[in-house]
There are 2 protein chains.
Amino acid sequence: MDIDDSLGFLLNRSATDMRAALENHLAPYGLTAPQWAVMARVSHTPGIGMTELASQLGYDKPTTSGIVSRLEKRELILRRRSNFDQRAIELYLSDAGKTLFAALPALAQHVNARAAQGFNEGEILLLKELLRRIRQNFA
Amino acid sequence: MDIDDSLGFLLNRSATDMRAALENHLAPYGLTAPQWAVMARVSHTPGIGMTELASQLGYDKPTTSGIVSRLEKRELILRRRSNFDQRAIELYLSDAGKTLFAALPALAQHVNARAAQGFNEGEILLLKELLRRIRQNFA
DNA sequence: GACTTTTAGTTAGCATGCATACAATATTGT
DNA sequence: ACAATATTGTATGCATGCTAACTAAAAGTC
């Protein structure tokens with residue numbers, strides 16, 4: 001049995017390929033895919049906390065904290081202490097972060113469209129459904 | 001649109017989940033998934049070179065070289081200079097490596113079976129086919 | 001044969017991602 | 001009120017996985 005016939009290999013490679021395509025578009029802006037994902041979530045939900053952000057991204061907290069720290073160092077994102085819970089922080093895009101994020105073309109759509117080349121609508125939905133079931137089996 | 005509805009997210013997460021399950025089984029042996037994959041390939045093709053190994057695994061050469069180095073440090077794998085090409089190396093499992101690899105239960109099958117729980121044969125084949133087409137779109 | 005180009009592999013640097021351990025604050029139980 | 005517990009976030013260490021830059025040896029060109 002050939003290695004590139006295994007489900008794990010195919011999942012790994014297709015995920016990596018798709019991510020690489022995304023990062024190709026992000027490179028001119030100096031962003032990585034996870035950084036872009038963080039900015040997208042914070043842009044969508046200003047004031048989001050670290051735990052909720054990590055949960056939405058599917059990362060653990062240390063990973064998410066690290067990505068946020070690198071974005072903070074570039075002054076694209078702000079950590080603010082919550083007034084209601086001294087442990088919690090609220091995340092916001094800085095003005096520079098908002099400007100940069102607004103300047104990004106519709107990257108996700110573009111990469112998704114490329115991934116879906118040659119597929120019909122039903123096939124994509126089916127693929128997503130199968131992937132969700134795979135995840136369920138490991139939950 | 002929810003983030004966990006995107007194809008990229010689903011691919012990434014299902015690949016990570018499956019890999020985590022594999023590493024769960026590998027942990028008692030002190031191996032990671034890529035390390036196991038390297039040992040499996042070298043076991044299958046003794047004397048394989050670094051470039052060919054990297055190609056089969058879908059990694060680049062520096063990544064593969066690093067994984068091999070960590071296995072070599074644990075004396076599970078051997079780097080031998082080729083007699084025909086002074087640049088090339090040939091990879092072999094050490095005796096300890098062979099013993100360890102032989103002691104591993106049929107991990108891939110086990111994890112694959114778990115991933116495929118609730119799927120019929122056709123669905124798995126279809127999923128693999130869809131993933132191959134995704135990869136083609138980014139090739 | 002000398003020169004150029006390829007090819008095999010490593011080194012260095014960076015950003016994930018993970019597990020573990022920790023500090024600080026909130027919450028709960030009594 | 002106060003001790004035990006849970007929760008929020010960070011620090012650390014490690015193994016990927018990538019790009020870019022490099023060395024050494026082989027192959028092609030003239």
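A, B, ... follow the sequence lines: proteins, then strands. Residue 1 opens every chain.
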*Pick from A:Leu76, A:Leu78, A:Ile77: which one makes a side chain to side chain contact (heavy atoms under 4.5 Å, CB included) with A:Val42?*
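Among the candidates, only A:Ile77 passes.
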
*In plain terms, say whether A:Glu90 and A:Arg79 are close enough for a salt bridge, that is, a side-chain N and a carboxylate O under 4.0 Å apart.*
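No, this pair does not count.
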
*Between A:Arg19 and A:Glu23, is there a side-chain N and carboxylate O pair less than 4.0 Å apart?*
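Salt bridge: yes.
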
Within this structure, what is the [atom1]-to-[atom2] distance between [X] and [N], rounded to whole angstrom?
X: B:Leu53; N: C:dT10; atom1: CG; atom2: C1'; value: 15 Å
X: A:Trp36; N: C:dT16; atom1: CH2; atom2: P; value: 14 Å
X: B:Tyr59; N: D:dC18; atom1: OH; atom2: P; value: 8 Å
X: A:Arg70; N: C:dC14; atom1: CZ; atom2: P; value: 12 Å

_Quiz question: by atom type and distance under 3.5 Å, do the side chains of B:Asp17 and B:Ser14 form a donor-acceptor pair?_
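The criterion, which ignores hydrogens and geometry beyond distance, is not satisfied for B:Ser14 and B:Asp17.
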
*Return yes if a side-chain donor-acceptor contact under 3.5 Å exists between B:Ser82 and B:Asp85, otherwise no.*
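No - no donor-acceptor pair under 3.5 Å links their side chains.
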
*Looking at B:Phe119, is A:Arg133 sitting on its ring face, NZ or CZ under 6.0 Å from the six-membered ring centre and within 45 degrees of the normal?*
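Judged by the rule, A:Arg133 and B:Phe119 form a cation-pi pair.
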
_Applying a strict under-4.5 Å side-chain criterion to I, L, V, M, F, W and Y, I'd like to know whether A:Tyr92 and A:Phe101 cluster together._
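Cluster IDs for A:Tyr92 and A:Phe101 differ.
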
_Among D:dG17, D:dT16, C:dT16, the nucleotide that comes nearest once only the side chain of A:Gln35 is considered_ =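 Ranking D:dG17, D:dT16, C:dT16 by closest atom to the A:Gln35 side chain puts C:dT16 first.
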
*The side chain of A:Asp60 lies closest to which of these nucleotides: D:dA20, C:dG17, D:dG17?*
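Output: C:dG17.
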
*Which residue lies more 5' along DNA chain D, comparing B:Gly66 with B:Asn83 via nearest heavy atoms*: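 Looking at DNA chain D, the more 5' nearest nucleotide goes with B:Gly66.
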
Answer with base, sugar-phosphate or nothing: what part of the nucleic acid does [X] contact at a heavy-atom distance below 4.0 Å?
X: B:Thr16; value: sugar-phosphate
X: B:Thr64; value: nothing
X: B:Arg13; value: sugar-phosphate

*Short side-chain N/O contact from B:Gln86 to OP1 or OP2 of C:dG9, under 4.0 Å*: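 Negative; the distance criterion is not met.
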
*For DNA chain C, the residues among residues 18-33 of chain A that have a non-hydrogen atom under 4.0 Å from it*: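 Those residues are A:Arg19, A:Thr32.
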
*Within the distance-only criterion (no hydrogens, no angle test), does the side chain of A:Thr45 pair as donor or acceptor with the backbone N or O of A:Ile48 below 3.5 angstrom?*
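No; judged by distance alone, with no hydrogens or angles, the pair does not exist.
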
*Residue met sooner reading DNA chain C from 5', once B:Ser69 and A:Ile67 are mapped to nucleotides*: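 Nearest-nucleotide comparison on DNA chain C picks B:Ser69.
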
*Which residues share a salt bridge (charged side-chain N to carboxylate O under 4.0 Å, His left out) with B:Glu52, sequence neighbours left out*: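 B:Glu52 satisfies salt bridge (charged side-chain N to carboxylate O under 4.0 Å, His left out) with no residue once adjacent residues are dropped.
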
What are the atom names and distances for every N/O pair under 3.5 Å that joins the protein to nucleotides 2-9 of chain D?
residue, atom, partner, partner atom, Å
D:dT7, O2, A:Arg87, NH1, 2.5
D:dG9, OP1, A:Met50, N, 3.4
D:dG9, OP1, A:Ile89, N, 2.9
D:dG9, OP1, A:Ile89, O, 3.3
D:dG9, OP2, A:Met50, N, 3.3
D:dG9, OP2, A:Thr51, N, 2.8
D:dG9, OP2, A:Thr51, OG1, 2.8
D:dG9, N7, A:Lys61, NZ, 2.9

